[in-house]
2 protein chains.
Amino acid sequence: MSKKQELLKAAEDKVRSGGYSNFSFRELAKEVGIKSASVHYYFPTKADLGAELARQYTDNFMNLLGAPAKLKKTGKNPIKVYVTQFRRALLEDKKMCLCGLLGAETDCLPEKVKDETKRFFKLNLEWLQVAHKLNDPIDVEQKAANTLSLLEGAMMVSKAVGDNHFFDQATSWLE
Amino acid sequence: MSKKQELLKAAEDKVRSGGYSNFSFRELAKEVGIKSASVHYYFPTKADLGAELARQYTDNFMNLLGAPAKLKKTGKNPIKVYVTQFRRALLEDKKMCLCGLLGAETDCLPEKVKDETKRFFKLNLEWLQVAHKLNDPIDVEQKAANTLSLLEGAMMVSKAVGDNHFFDQATSWLE
DNA sequence: GTCTATAATTTGATAGAC
DNA sequence: GTCTATCAAATTATAGAC
């Protein structure tokens, strides 16, 4: 992994734990074994780092999902796959969704970070609409909004109450 | 309003916009017309302020709701009332739920702030279980978890995409 | 690419006067 | 209750050497 990717990975952990203000160039630098001035070589400003972090997170998240139609064709329920991906992020990483946290803080984020965060949600809503349409083509817009909100909220509350079982309880009715 | 309450109100706005790290004693002091050293007279540490903020927010939130049985008796659907209270917080204050944001940041919060945040969710889940039981006494625990998650998530995503209509879309199936 | 050095600002917190 | 004065630490960022 390149230094640049190491920095982004370190930043991801921090942001997913405590939000945008929970990482500093000095901390990241120390974790990857360089000096904070060198971080500015890769990312001119903190906003640049934050924006690239959200962008890569989004791209990786969508790539891991794959196309709804392809999932369906291999006998899987796309919505189930979607739920499982959120569940894994919570249980394995033991952390919030990066863009969930950033989304909640949106009013205080630099413009370019805000834009990338918004992009995450737009792409997820599109994906969910297509996925729902494959199951039952009625009210897909509402269903997509409902599914996404429920999963983000379930992650958040699970973290808050310190109980992963809560996530399964909250999402038990998702087809 | 006392200086202490003015400080808490100013802090609430900051936290609901950008999280726990988005307020400082100096900023709060300036907003209410005193010096930062004087803020320490009311709240010895930042964690003390944060904890009292979450506690008052919770108490106020529960008081505004009232008892589910009482709502039912006056011809209202308690769940509808509950949804409306979240909706108002988003549309009128144009801000996230205080404890929603704190909950997402929980791993990086001082212990006493974390505890008060947890209390908010525990009380809300209790309230929702009672409320759901009045409508249909089956699966009330799942229903409570589902309702709370959906509302917190819908607030979060609405903020992120900058569209209040999203909230209504996501929550349209809540009875 | 990485460093040293440093600037300018902000932060939480305390001591002690009034 | 509120102030001045101050501290130690952390923050984002830049200039310039190697």
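Reminder, nothing fancy here: chain letters follow the sequence lines and each chain counts from 1. Since we're looking at a predicted model, the values are computed, not measured. Note that these values count all heavy atoms, side chains included, but never hydrogens, waters or copies made by symmetry.
- Nearest nucleotide to the side chain of Phe25(A), out of dA13(C), dA15(D), dA13(D): dA13(D).
- A salt bridge does not link Lys9(B) to Glu31(B): none of the charged nitrogens lies less than 4.0 Å from a carboxylate oxygen.
- Across all strands shown, Ser38(B) has heavy atoms under 4.0 Å from base atoms, whether or not it also approaches the sugar-phosphate.
- One interatomic measurement links the two molecules: CG of Leu28(A) to C1' of dA13(D), which rounds to 15 Å at whole-angstrom precision.
- Checking Gln169(B) against Glu141(A) by side-chain atom types alone, a donor-acceptor pair falls below 3.5 Å.
- Counting non-hydrogen atoms under 4.0 angstrom, Tyr41(A) reaches a base of the nucleic acid.
- The side chain of Ile34(B) lies closest to dC3(D), out of dC3(D), dG1(D), dT4(C).
- In this structure, Tyr82(B) and Trp127(B) have parallel ring planes: the angle between them is below the 30° cut-off, well short of the 60° mark.
- At the phosphate of dT11(C), OP1 or OP2 sits under 4.0 Å from a side-chain N or O atom of Ser24(B).
- Distance CG (Asp48(A)) to C1' (dT12(D)): 12 Å, rounded to an integer number of Å.
- Protein atom CD of Glu27(A) is 9 Å distant from nucleotide atom P of dA10(D), rounded to whole Å.
- We find that NZ of Lys30(A) is positioned 13 Å from P of dC3(C), with the value rounded to whole Å.
- Using a 4.0 Å heavy-atom cutoff across all strands shown, Phe23(A) reaches sugar-phosphate atoms only and no base atom.
- Note: NZ (Lys35(B)) to C1' (dG12(C)) measures 17 Å, nearest angstrom.
- Residues Asn135(B) and Lys72(B) have side chains that bring a donor and an acceptor to within less than 3.5 angstrom of each other.
- Lys14(B) has its NZ atom 13 Å from the P atom of dT10(C), to the nearest Å.
- Relative to the side chain of Ala37(A), the nucleotides dT2(C), dT6(D), dA5(C) differ in distance, and dA5(C) lies closest.
- For Phe25(B) and Tyr42(B), the ring centers are positioned 6.0 Å apart or more.
- Side-chain atoms of Tyr42(B) lie closest to dG1(D) of the nucleotides dG1(D), dT4(C), dT14(D).
- The distance between atom CG of Leu49(B) and atom C1' of dA13(C), rounded to the nearest whole Å, is 14 Å.
- Relative to the side chain of Lys3(A), the nucleotides dC3(D), dG12(C), dT2(C) differ in distance, and dT2(C) lies closest.
- Atom-to-atom, CZ of Arg26(B) to C1' of dA10(D) comes out at 13 Å; the value is rounded to the nearest Å.
- For Lys46(B), a side-chain nitrogen or oxygen approaches OP1 or OP2 of dG12(C) to under 4.0 Å.
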